[in-house]
Asker: 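Let me begin by handing over the structure; questions about it come next.
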Amino acid sequence: MNTAQIHQRFLLSSGAFTDTRNIKENGIYFALRGINFNGNNFAREAIEKGARYAVVDEEIYATNPEHFIVVKDVLKALQDLAAFHRKYLNLTIIAITGSNGKTTTKELTNKVLSKKYRTVATNGNLNNHIGVPLTLLSMDEETEIGIVEMGANHFKEIARLAQIAMPDYGYITNFGKAHLEGFGNIEGVIQAKSELYDHLKKNMRLIFLNADDPVQREHFNYKHTFSFGTAEDSRVQFTYSGNQSYASVNFNDTDFKSKITGKHNAINIAAAVCMGLYFKVPFNEIKNAIEEYSPANNRSQITKKGSNTIFMDAYNANPTSMHAAISNFQELETTEPKIVILGDMLEVGSSADTEHQVIVNQLENDDFTECYLVGEHFNRTQTNRSTIIKFKSVEKLKEHLQETKFDNCHILIKGSRKLALENLLEAI
Ligand SMILES: CC(=O)N[C@H]1[C@@H](OP(=O)(O)OP(=O)(O)OC[C@H]2O[C@@H](n3ccc(=O)[nH]c3=O)[C@H](O)[C@@H]2O)O[C@H](CO)[C@@H](O)[C@@H]1O[C@H](C)C(=O)N[C@@H](C)C(=O)N[C@H](CCC(=O)N[C@@H](CCC[C@@H](N)C(=O)O)C(=O)O)C(=O)O
Ligand SMILES: Nc1ncnc2c1ncn2[C@@H]1O[C@H](COP(=O)(O)OP(=O)(O)OP(=O)(O)O)[C@@H](O)[C@H]1O
Ligand SMILES: C[C@@H](N)C(=O)N[C@H](C)C(=O)O
């Protein structure tokens, strides 16, 4: 069956889904193959539980032609369907990629644009070769603007995602030391993320550009750019204000105050404001949207636990975002004790030990009351400071936290996703 025929069936369904543990009544199930399971094994179950169709790539699973669609490769069929659907819909697509701040920028942009348009944005960070197609397939005739987050940990991935989503607009948040395992070094990161700008330029589409970023400035003279930043030649000129607790930006003598901690998030706010201005969202509505947005999922959040103030940034970590979070915490003006709790930064590749040592050196130059480090990489670092304490495992750190009484402390928690450091909160 070809993509156009599958699309006709897709339009009759309630939408695409890939997991029978979250069944979509009347939906179309794509039987993907993963690390743990062969989705084909669940195709029958999908139909029995109420799916309208199941797309499989092993004929023996297609027991009833009324419900089963056989293709050569289910993942490719899903991606082709998403690209077809994107062309079928008459809408605008904005793609957002970058090393840090993709989800925050995407959420803020969605908040802003939804004040004027019917928008659909990536759910959470379903931003890969499966997540991007699912995002596109969640859009319909009503959707006016789709905001699609794109993630990558190896070359050509963003190029492929752009080929599927065919964005009209795009923005790269930044080029940081994330996923160095796949990209090798910062030049690799720049090359891989720039695949989005390459795609936009090839198709004469518009780039939203951070004019303060020297790498992005290389695209400044491209005809279709809409730039923002503190640089005087920016189309939309901001000053980045706020304090170390909450990021905010100022444009046209107006403060856009957020509930997001970390001054590095000011750029993410500015990008969302810039896109709001470009798409002519009323000024006050842009301001309201920024002020209404509350971060979730342990990204740049400030929470209270008893008398303690927690800077919860445990969603993920890499050398760039770790450095930014520590600097921000260091600058926080308070007379109360500051405790730093850090977990390993993963997927950093061969420079992992060096990058962890750089973070320890940064801690040594600051005057935090105590720093707790956990993970294999941090355990291999060197320090003479008695206030920097290493723990072999998250469990051991948790035991220590349970035995320690914190009162009126400011506590920063950051580490890679695998360590799930948000679980430490119950011990504080
Ligand atoms: C393939 C899939 O979707 N897997 C999800 C599944 O995993 P599970 O271990 O259960 O099974 P398999 O993958 O082996 O299963 C194969 C299929 O069988 C289905 N199935 C299984 C059991 C069952 O009873 N019924 C079934 O139907 C199953 O659903 C599969 O379709 O479930 C997990 C738990 O919900 C999911 O976590 C898992 O999802 C995978 C990871 C996935 O890729 N999901 C995408 C929708 C997605 O976008 N995920 C994002 C990824 C965000 C991210 O990390 N981004 C990076 C860059 C990414 C680079 C890219 N190269 C990459 O590696 O992904 C970034 O830096 O931003 C997310 O999880 O948030
Ligand atoms: N501009 C930035 N510079 C440095 N760090 C940042 C920046 N923006 C966000 N971060 C950090 O990155 C963390 C994750 O934010 P966010 O989820 O928005 O990024 P992401 O790029 O979507 O990551 P992922 O792809 O893993 O979801 C935040 O908690 C914050 O610490
Ligand atoms: C969560 C995933 N997108 C990611 O960024 N992983 C890095 C390695 C992390 O967990 O910090």
Side-chain angles (χ1 to χ4, degrees), residues 16-24 29-46 49 51 54-55 74-75 78 96-108 122-135 148-158 160-161 172-179 181-183 189 192-193 210 212-213 240 247 260-271 295-301 311-329 346-347 412-418:
F17 74 105
T18 57
D19 199 331
T20 55
R21 291 162 295 190
N22 298 307
I23 199 92
K24 200 170 208 167
Y29 173 70
F30 284 82
L32 297 173
R33 241 173 283 234
I35 298 169
N36 300 306
F37 300 104
N38 174 358
N40 285 278
N41 282 320
F42 302 100
R44 198 149 76 163
E45 183 188 325
K49 282 183 169 170
V55 181
V74 172
L75 176 62
L78 176 72
I96 298 176
T97 189
S99 304
N100 294 297
K102 295 181 290 296
T103 303
T104 307
T105 306
K106 177 259 302 176
E107 292 291 336
L108 286 166
T122 299
N123 190 6
N125 76 329
L126 300 187
N127 64 18
N128 67 8
H129 57 294
I130 302 165
V132 167
L134 289 175
T135 301
V148 181
E149 179 178 330
M150 296 181 176
N153 56 16
H154 56 265
F155 292 106
K156 300 277 175 234
E157 215 170 350
I158 295 297
R160 173 70 184 131
L161 298 180
I172 299 176
T173 57
N174 55 27
F175 306 95
K177 291 182 178 176
H179 295 306
E181 205 168 82
F183 300 132
V189 174
K193 300 291 174 192
N210 174 5
D212 296 326
D213 181 333
Y240 295 152
I260 315 169
T261 181
K263 60 182 191 304
H264 44 278
N265 276 298
I267 296 170
N268 306 334
I269 299 167
N297 288 334
N298 307 308
R299 287 180 176 97
S300 309
Q301 276 179 293
F311 288 65
M312 180 57 81
D313 205 8
Y315 172 71
N316 69 7
N318 54 58
T320 303
S321 67
M322 193 71 115
H323 172 76
I326 297 167
S327 301
N328 186 69
F329 194 56
L346 302 180
E347 297 182 27
L412 169 69
I413 305 180
K414 188 164 181 75
S416 264
R417 185 80 304 269
K418 202 166 164 195

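Numbering of ligands and ligand atoms starts at 1, following listing order.
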Asker: Just to be sure I'm reading this right: ignoring hydrogens, which of Thr103, Leu108, Asn174 gets closest to atom 3 (N) of ligand 2? Compare them by their nearest heavy atoms.
Answerer: Asn174
Asker: Test of understanding: given a 4.0 Å heavy-atom threshold, classify the contact between Asp313 and ligand 2 as side chain, backbone, both, or neither.
Answerer: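 It is the side chain that gets close, since no backbone atom is under 4.0 Å.
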Asker: When you look for heavy atoms under 4.0 Å from ligand 1, do you find them on the side chain of Phe37, its backbone, both, or neither?
Answerer: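 Near ligand 1, Phe37 shows its backbone as well as its side chain.
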Asker: Nearest to atom 12 (P) of ligand 1 by heavy atom, Gly34, Ala54, Gly131: which?
Answerer: Gly34
Asker: Is ligand 2 under 4.0 Å from a heavy atom in the side chain of Ser99, in the backbone, in both, or in neither?
Answerer: backbone
Asker: Please list, chain by chain and in numerical order, all residues satisfying ring pair (Phe, Tyr, Trp, His ring centres under 6.0 Å) with Tyr29, sequence neighbours excluded.
Answerer: Phe17
Asker: Minimum distance, heavy atoms only, to atom 8 (N) of ligand 2: which one of Asn268, Thr122, Asn328, Asn153 is it?
Answerer: Asn268
Asker: What part of His154 sits under 4.0 Å from ligand 1 if we count only heavy atoms: the side chain, the backbone, both or neither?
Answerer: side chain
Asker: Taking heavy atoms and a distance under 4.0 Å, where does Val132 meet ligand 1: side chain, backbone, both or neither?
Answerer: neither
Asker: Applying a heavy-atom cut-off of 4.0 Å, say which part of Ile35 lies close to ligand 1: side chain, backbone, both or neither.
Answerer: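 The answer is the backbone.
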Asker: If you measure from each heavy atom of Ala325 to ligand 2, is any distance below 4.0 Å?
Answerer: no
Asker: With heavy atoms only and a cut-off of under 4.0 Å, state how Ile267 meets ligand 2: side chain, backbone, both or neither.
Answerer: neither
Asker: Phe42: what forms a ring pair (Phe, Tyr, Trp, His ring centres under 6.0 Å) with it, not counting sequence neighbours?
Answerer: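 Phe42: ring pair (Phe, Tyr, Trp, His ring centres under 6.0 Å) contacts with Phe37.
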Asker: One residue to check: Glu149. Relative to ligand 2, which of side chain, backbone, both or neither has a non-hydrogen atom less than 4.0 Å away?
Answerer: side chain
